[in-house]
Amino acid sequence: MNTVIDHAVQVRLIATAPGPYAVPAVLHYQPADPLAVRMSFPPEISLDGSAVDWAFARELLAEGLRAPAGRGDVRVRPCGPDRTVMEFHADEGIAMVQLDAVDVRRFLDRSYEAVPAGSELAYLGMDRGLAELFGAA
């Protein structure tokens, strides 16, 4: 199965300027890369005017719905019962966005329908890749 899951979400960019403002973003999941989630942001919110994509662990997103998660470039935490905050750390600074937790749960539910939790390694195709590498395929 080569299903791609794209889930459009509205995020509120939390900035030092007065008030957060809403921007579109998309959460992506592909069973061919079963451990990762990608989040794409439109060019109008980046410093250089180009689209921005972040990749991070699906497990991080799921954990961040319940409690603060992550220590690296991407961090996720609940913000009350209805919101989730994501922080994206880069050399240029930190971007923070707030999402509706229900949107994150819906996206994760769809991803777990495609690849159940704990079965990700079966979708990596490592055996086939190793066989090709060693000429046994």
Side-chain angles (χ1 to χ4, degrees):
M1 171 157 72
N2 196 11
T3 303
V4 175
I5 298 169
D6 286 339
H7 190 90
V9 294
Q10 195 75 349
V11 301
R12 282 166 286 295
L13 183 62
I14 302 169
T16 55
Y21 62 94
V23 295
V26 178
L27 288 164
H28 305 278
Y29 181 78
Q30 291 185 305
D33 190 6
L35 298 170
V37 167
R38 286 175 174 64
M39 190 165 200
S40 300
F41 295 96
E44 58 267 18
I45 68 165
S46 73
L47 294 174
D48 65 0
S50 59
V52 177
D53 292 317
W54 285 83
F56 48 92
R58 177 171 71 162
E59 186 176 339
L60 172 69
L61 190 58
E63 288 176 11
L65 284 172
R66 297 182 301 277
R71 296 181 189 197
D73 294 342
V74 179
R75 301 171 192 184
V76 184
R77 69 176 186 276
C79 183
D82 300 328
R83 304 252 187 249
T84 300
V85 171
M86 297 184 73
E87 295 179 17
F88 300 93
H89 295 249
D91 292 339
E92 298 83 8
I94 301 170
M96 291 176 56
V97 298
Q98 195 178 72
L99 300 92
D100 288 333
V102 69
D103 283 336
V104 177
R105 283 188 194 93
R106 283 184 190 139
F107 170 76
L108 285 171
D109 288 346
R110 291 176 64 203
S111 77
Y112 289 128
E113 286 174 14
V115 177
S119 68
E120 293 89 352
L121 295 180
Y123 287 79
L124 285 175
M126 288 177 55
D127 290 338
R128 189 185 76 222
L130 287 173
E132 289 173 2
L133 180 65
F134 293 111

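Basis for what follows: all heavy atoms, side chains included, without hydrogens, waters or symmetry-related copies.
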Derivation of the side chain to side chain contact (heavy atoms under 4.5 Å, CB included) call for Q98 and V85: CA-CA 4 Å; Q98 195 178 72; V85 171; 4.2 Å; yes

Heavy-atom check, side chain of V104 versus side chain of L108, under 4.5 Å: yes

Flag side-chain contact, heavy atom, 4.5 Å: R75 against P68: no

CZ-CG distance between R105 and L61, expressed to the nearest 0.5 angstrom: 10.5 Å

Residues R58, S111; criterion side-chain hydrogen bond (donor to acceptor under 3.5 Å, both in side chains); working and verdict: CA-CA 9 Å; R58 177 171 71 162; S111 77; 3.2 Å; yes

E87 side chain near V76 side chain, heavy-atom distance below 4.5 Å: no

Minimal non-hydrogen separation, S40 against H28, with atom names: OG-NE2, 2.8 Å

Side-chain heavy atoms of M86 within contact of M39, under 4.5 Å: yes

Reference residue F107; test side-chain contact (heavy atoms from CB on, under 4.5 Å); the match among L27, V102, D6, L99: L27

V26 reachable from V11 in the ILVMFWY side-chain graph, under 4.5 Å edges: no

Nearest heavy atoms of A69 and G64, plus distance in Å: CB-N, 3.8 Å

Pairwise side-chain contact, R83 with P78, heavy-atom cut-off 4.5 Å (strictly under): no

Ion pair check, R106 and D103, cut-off under 4.0 Å: yes

Interatomic spacing from CE in M96 to NE2 in H89 - rounded to 0.5 Å: 8.0 Å

Close side-chain approach of P24 to Q10, heavy-atom, < 4.5 Å: yes

Parallel, tilted or perpendicular: ring planes of F41 versus F88, cut at 30 and 60 degrees: perpendicular

Pairwise side-chain contact, Y29 with H7, heavy-atom cut-off 4.5 Å (strictly under): no

Min side-chain heavy-atom separation T84-L65 under 4.5 Å: yes

Name of the residue among L35, V37, D73 meeting side-chain contact (heavy atoms from CB on, under 4.5 Å) with F56: V37

Heavy-atom pair with the smallest gap, counting every atom of P31 and P34: O-CD, 3.2 Å

Which atom of A62 lies closest to which atom of Y112, heavy atoms considered: CB-OH, 3.5 Å

Heavy-atom donor-acceptor pair, E59 side chain to A57 backbone, under 3.5 Å: no

